[in-house]
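Keep in mind it's a predicted model, so treat the numbers as computed, not measured. In each ligand, atom 1 is the first atom listed, and ligand 1 is the first ligand listed.
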Amino acid sequence: MKLNPVYAMLQRARQKLLERNMDEAHIWLMKTLDAAQKSSDSLLQAKVQHLWAQSLLVKARYASDFALCDVCLEKLTTAEKLIGDQTASDFRIEILITRAYVFMAKKENDLAYSIFQEAEKWSEDYELINQNILSQCAISQYLINQNNYQLALVYVEEAEQKLDAIYPQSNELIAEILYQKTQIFLKTQEYVLMEEKAKLLLEICIAERDVEKELFAINSLSIVKSLKGDYREAMEFLLEVQEKSRQIGHRLMTANALINIGTIFAHLFNYQDALNRYLTIINDYKDVLEPNNQVIVLNNIGNIYFNTANYDDALISFLEANKSAEALNYKEMVAHTHTQLSKTYLAKDMLNESLVHAEQASFYLQDMGDVNGKQINWLNQAQAHFKLADLESAIHLAHKGLKLSQKVSDNVTLMRGYKLMSEIYEQSKDYEKAFKYESLYSATQNRFTIEQKQRQAIDLEIKYAIREKQQQIELLTKENEFQSQLIEKSDQISKQNNQLVQANEELQQFAYVVSHDLKEPLRMIGSYSQLLMQKFENSLDEKSKPYSNYVSEGVSRMNNLLDALLQYATIGKEEEEKELIDIEGIIDDVNFNLKLLIRETDAKIEFENLPSIRCLPSRMIHLFQNLIGNAIKFRNTDVPLVIKISASENENEHIFKVEDNGIGIENEHLDRIFVIFQRLHTRKQYEGTGIGLAICQKIVQGMGGRIWVESELGKGSTFWFTVIKDMRDELDF
Ligand code: ADP
C-alpha cells in the first residue's frame, strides 16, 4: 500500500528531529503543516502540532528557554482541540506525556509527575502497552532527577517486563528503557552494568539515528574508559560528544563533555588545557550548567591554580565554590572546599585562616567516614600545628593523614605527609626516623614521577589526535556554514514565495472583477450604439457612415481582450487534481484541437521520448497549445514549417523545448513578450491580444518552473520551460 504522502512527510520531519537536524526538521515540519492544513484530516493536523511541540521542546531544553516551553504547551492544546471527539486514546496519552516533559523542562517537577502518573493510569486502563511503557519511563526520568534511583529502577524494570511480553518490540521503547537504566547505573556508580547498557544503547541509537541518546551513551562510555585509566579512548569519545553536541545545539551536553575533558587533562597534568576547558564552561555555559557541577568546576579551577602555585587565584575560586556549595547545601563539596581553602592559606603562611577552615572541614567531614579528601584535612592541620611548634599534635595528625592517603591511593598527599614527618623528626632531632621518612618520600616521589611521565606521554598522544580532529572539524564547519547559508536562502525564498502568492491572488481577484464586470457595460455600449446607428443611419453623411463599424469593431476587440484577461485571471482556479500525465498524449490533444490550422499551414510537428509528469492536464494542454499556436502564427512563409518538441531533465526539474523555424524575435524583445498585452506586431500583421505568453508564464510558474526564449530573427525561436519534479514521484517509501 502506498503511504499517504503527508504522513510520509510527517515521518521525515520526525526522523530529522530525532537526528536533531533542527533546520531540516523545521523545513519538513512546515511543508507537512502546509499540506495537512489543506487536507481535512484533523487527526493528521493534530499530529503535526504535536511534533511541532516536540521540536520546540528540544530547543527549549537545550537553551533552558521557559518562554519557548509555553509555546510548546499552546501547540499541544491546539493538537488536543483538533482531535475533538475522535477516540485516539493512544495519541492523547502521548500528548499528555509530552506536556509533562514540557513542565519538567520548566522545572515544575511535581506537576510533571502528576501528569505522568495520569498517563500511566490511563494507558493501563485502556491496555495501551506502548504508551504505558513510555509513561513508566517518564516517571523513572522524574525520579532520577529527584535522585531517587532505587524507585526509578523499579519503574524501569516493570516497563522492561511489559516490553518483553510484546512482539514486535519497537526500537524506540528499547532505547528508552536502556537510556533510563544507563542513567541510573551511572548515578549509582554501578559501572559494569552501566557499560553494558550504554553499549546496547549506543548500538540501537546509531541504527535509529537517535543522536541525543547516542551522545549520552558515548559520554557514559567515556566515563568508564576514563575510570579504567584508558584516557586516550575516553578523550576520543568525549571529543566526539563535544563536537556533535555543539552541532545539534545541545549546550548542556557540550558543557558536561567539557567538564570531563578538563578533568582528563588535569589528570594528565596538562593544566593549561584543563583550565581552558573549565574557564570556557564558566564563561559560556554557566546558564545551562547544573548547580552542583558548577561547584565542581570552580573547585577544579582552584586546584589547577593551586598546583601551578597561583595561590591568590586559587583562593578566589575555592571561596566562590565554597559559597555556592553552602547555598546548595552540597555537603561533600562544602567540606572539600574548606579543606582546599585551609591548604591554600597554609601555602600563603596564613595559619589562623588555615586552621579556621580546617575546623569547618572537620565539622562536615566527621559524619562522612573515610572519604577521599579527609586525608588532606588531617595533613593541613598537622602542618599548621608543626608551624605553631606543637610537634606532638602534628605527628598525631600526620599519622592519621598518612594512613588514609595510603587507603585512597593519594600519592600527592602521601608525599606531603612523608616530607612533613621527616621535617618534624628532624626538628626533634630524631634523625633515624627523619631519614626513614625522607627515604619513603623519595621512593614515592620516584614512583610518582614515572606515573607523571607516562601520563604526560598520553597527553601528547591526545594532543596529536586532537590536532587531527580539529582539522576535520574545521572542514566540517565550513561545509556546515555553506549548508546553513543554503537553508537561510531557501527560507528567504519561501518567504518571498508567500508574498508572491498573496500578490498573485490579489491581482487575480482584481483582474477577475475588472474583466467580468466590465463586460456588462460593454455589452450595453455595443447594443445601444447599434440602435443609435440604426436610428440615425439615414441622417449620417458618407464620411460618418463607417463610424458605426469602428464602434462595433472596438467593442468586439475589447470583448476579446476582456475574455483573454478573464482567462488569465482564472488560471489556478480550476478544481482539478494533479495526475501523472504522458506529455506525448498532451501533444496529441493539442494536435487535435489545432487540426484545421495545422492542415492549412502544412505544419510538421515532431516529438519523441517525452516524459510522463505529475501536472494538471488542462493547464499543460493550454501551455503547449499557446506555444504551438504561436509557432504556427509566426511562421516563415518562405520555408516549410517544422515544430520540434523535446525534453530533458536534471535532478530537480524537467526541461521542455518547443522549437520553430519561423520569423524569430529580435534580441531586445526577448523578455518583453512574456509581459501581459505586450506584442511586437500590429493587429493587421498578426491577430492577437498579447496575452498568450503571459498565460504560459503563469502556468509554468504555477508548477514551480521558469520560461524563456532564445531566438534568431528570420531563423526561428526556441521556447524553453521547466517543471519542478513532484516530490511524491521522487520519494521512495
Ligand atoms: P499574441 O500571440 O496574442 O500576440 P503572445 O503573448 O502569445 O501574444 O505573444 C507575444 C508576442 O511574442 C507576439 O505578439 C509575437 O510578437 C511574439 N512571439 C510569440 N511567439 C512567437 C514565435 N514562436 N515566433 C516569433 N514571435 C513570437
Please verify the inter-ring angle class for [X] with [Y]; under 30° counts as parallel, over 60° as perpendicular, anything in between as tilted.
X: Tyr686; Y: Phe634; answer: tilted
X: His250; Y: Tyr62; answer: parallel
X: Phe721; Y: Phe656; answer: parallel

Examine distances only and state if a side-chain atom of Glu214 and a backbone atom of Ile206 form a donor-acceptor pair shorter than 3.5 Å.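 Answer holds: no.
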Is Asn636 close to Asn661 at the side-chain level, that is, under 4.5 Å between some pair of heavy atoms?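 Not in contact.
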Please tell me if the side chains of Asp90 and Asn130 come closer than 4.5 Å, counting only heavy atoms from C-beta onward.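 SC-SC contact between Asp90 and Asn130 ruled out.
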How does Phe719 reach ligand 1, if at all, at less than 4.0 Å between non-hydrogen atoms: by side chain, backbone, both, or neither?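 The answer is the side chain of Phe719.
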How does Ile665 reach ligand 1, by side chain, by backbone, by both or by neither, if only non-hydrogen atoms under 4.0 Å count?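 It is the side chain that gets close, since no backbone atom is under 4.0 Å.
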Should you measure from each heavy atom of [X], which atoms of ligand 1 turn up under 4.0 Å away?
X: His681; value: 16 (O)
X: Lys633; value: 1 (P), 2 (O), 3 (O)
X: Ile691; value: 6 (O), 8 (O)
X: Leu693; value: 5 (P), 6 (O), 7 (O), 9 (O), 10 (C), 12 (O), 19 (C)
X: Gly688; value: 3 (O)
X: Gly692; value: 5 (P), 6 (O), 7 (O), 8 (O)

Flag [X] as yes when one of its N or O atoms lies below 3.5 Å from any N or O atom of ligand 1, and as no otherwise.
X: Gly690; value: yes
X: Gln678; value: no
X: Glu687; value: no

Answer with yes or no whether Ser717 contacts ligand 1, where contact means a heavy atom under 4.0 Å from a ligand atom.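 True for this residue.
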Minimum-distance protein heavy atom relative to [atom]:
atom: atom 13 (C) of ligand 1; answer: Phe634 CZ, 3.4 Å
atom: atom 23 (N) of ligand 1; answer: Asp660 OD2, 2.9 Å
atom: atom 7 (O) of ligand 1; answer: Asn630 ND2, 2.9 Å
atom: atom 4 (O) of ligand 1; answer: Arg679 NE, 2.7 Å
atom: atom 11 (C) of ligand 1; answer: Ile673 CG2, 3.9 Å

Less than 4.0 angstrom from a charged side-chain N to a carboxylate O is my criterion; do Arg706 and Glu653 meet it?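 Answer for the salt bridge query: yes.
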Do the charged groups of Glu649 and Lys725 touch, with an N to O distance under 4.0 Å?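 A salt bridge is present here (some side-chain N lies under 4.0 Å from a carboxylate O).
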To the nearest 0.5 Å, tell me how far Glu212 CD sits from Arg20 CZ.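 That separation rounds to 4.5 Å.
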Just verifying a value: how many Å separate Asn650 CG and Ile655 CD1, rounded to the nearest 0.5 Å?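 CD1 of Ile655 is found 4.5 Å from CG of Asn650.
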Stacked cation flag Lys75 on Trp52, 6.0 angstrom / 45 deg: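 Positive - Lys75 is close enough to the ring of Trp52 and near enough to its axis.
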